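What you are looking at is a predicted structure, and each value in this text was computed from that prediction instead of being measured.
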There are 2 protein chains.
Amino acid sequence: MSGKVLVIGLGPGSDAQVTPEALAAAGEASDFLGYKPYIDRLSLRPDQTAHASDNREELARARHALELAAEGKTVAVVSGGDPGVFAMAAAVCEAIEHGPAAWRELELRVVPGVTAMLAVAARIGAPLGHDFCAISLSDNLKPWELIERRLRLAAQAGFVMAFYNPISRARTWQLGRAFEILREELPASVPVVFGRAAGRADERMAVTPLGEARAEQADMATCVIVGSPETRIIERPGLDALVYSPRFARPSA
Amino acid sequence: MSGKVLVIGLGPGSDAQVTPEALAAAGEASDFLGYKPYIDRLSLRPDQTAHASDNREELARARHALELAAEGKTVAVVSGGDPGVFAMAAAVCEAIEHGPAAWRELELRVVPGVTAMLAVAARIGAPLGHDFCAISLSDNLKPWELIERRLRLAAQAGFVMAFYNPISRARTWQLGRAFEILREELPASVPVVFGRAAGRADERMAVTPLGEARAEQADMATCVIVGSPETRIIERPGLDALVYSPRFARPSA
């Protein structure tokens, strides 16, 4: 089969953070699927077709991409950030595993990108400078009890945590509940970074101690980073404070 | 003060994975510090000076960068991958916190990049498609007991794990011991991905069940990804198998 699927990560939002590899892959494709704001970031040629869709039907979009590729087309599935982190690459793999045998003969290429937590971390210092984890707070695809359990174990392990999908119109209480759980496990002084739209014109960064962190500080475009007990804040005269997690850890941690 | 420090991530190794932002930042700098192979990836102008150093003295290199910036220079500190993930951004923050007060008045800009685990994941499918953690296996800066504790808690939490610094000439037993610990906590069938030099000419990818994983499969340039019990392998006729972690999780996980 000659068709192929390219799953392309466009980075966190700024054109300056899109890799040449991602642009070259987009240049190869004839058909584009993805959340419209991501596709709009590419300047498609007249011979390239966008099949816009909303952001919620990931598996349907993955199947659509594979159907077009099975017809011989070169199909780009476009993600913000990195497509392998809570994004389309896993959905495409899932569709291949459970789809017709012919889909296993299609070329699949995943093009990595700068994922949101890296862009947010870079803007504030180095909060991911030591061992860390990334957790999706969406309970659409996993039970909330499992998320609670992961939060507690991650805190006990001393991981810095990055939360993806922290809140949405339909999921309003999960982030607040996550903060409540973490307040039982971690010191109230642990810094929480709310990084919204890092690298874009409407960027907004805030740092709040865990004891005072509120879900209302986040929206759908926010990546939330919760420090470990080792995470430090450096105040700077006339400049934003830096938040970082030291490379070393004390035996007591 | 007019000097500044730019901590720049060059991505995992291929020029096509370097962001325009990273190249622009490198273009601003007069002085470059970093492990020589990273600096060699940039084509410096005659008016730009490289201060090469070995890869082990991160804090000394960070202090050197801040000293040059305090003299008014624009200094680039160059990292492979992302500078915020087990790399130079935390070392620079650490040097600022413990250095002269004047260093807190210097501009610091961290430029994110594609970190190794994202590049390796992209090459093999989507093993980081669900909740995951990143752990440095180096016990140079933290006690080995803490690493063991984190490995067990991460396995109990159901995280996919990416290991940075899995092995070196001076640290030969840690990766093998990590596999032993994980064999006590996870099914022997869990896929382990050994991703070496992803995106470079000497790239090498291998997938082995945890029960058979050996430390000798990794070297210093390898990022090791250990799946969760949910992680799947898709065999494909005539193509490399895909490894991915589904977006959903069963309540029993």
Looking at chain A, which one of [options] has the largest number of heavy-atom pairs inside 4.5 Å, strictly under?
| options | answer |
| --- | --- |
| Cys93(B), Ala91(B), Ser245(B), Ser136(B) | Cys93(B) |
| Ala134(B), Pro237(B), Gly84(B), Ala154(B) | Ala134(B) |
| Asn140(B), Asp82(B), Val160(B) | Asp82(B) |
| Ala126(B), Ala101(B), Ala122(B) | Ala122(B) |

Bottom line for Asp240(A): the part with an atom under 4.5 Å from chain B's heavy atoms is neither
Quick one: which of [options] has the most heavy-atom pairs under 4.5 Å with chain B, could you say?
| options | answer |
| --- | --- |
| Gly9(A), Pro20(A), Gly129(A) | Pro20(A) |
| Ala119(A), Gly158(A), Ala121(A) | Gly158(A) |
| Ile124(A), Asp131(A), Val111(A) | Asp131(A) |
| Arg109(A), Arg152(A), Arg123(A), Glu235(A) | Glu235(A) |

Return yes when atom CZ of Arg196(A) has more than 12 non-hydrogen atoms of other residues, nucleotides or ligands closer than 6.0 Å, and no otherwise.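 Result for CZ/Arg196(A): enclosed.
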Do you know which two heavy atoms are closest between Gly227(B) and Leu186(B), and how far apart they sit?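 Scanning both residues completely, I find the closest heavy atoms to be O-CD1, 4.3 Å.
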Phe132(B)-Phe159(B) aromatic ring centre distance below 6.0 Å: no
Under a 3.5 Å distance rule, please check whether Arg171(A) uses its side chain to pair with a backbone N or O of Asn165(A) as donor and acceptor. yes
Determine whether a donor-acceptor pair (N or O, by modelled atom type, separation under 3.5 Å) exists between the side chain of Arg61(B) and the backbone of Val77(B).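 Not confirmed, Arg61(B) side chain does not pair with Val77(B) backbone.
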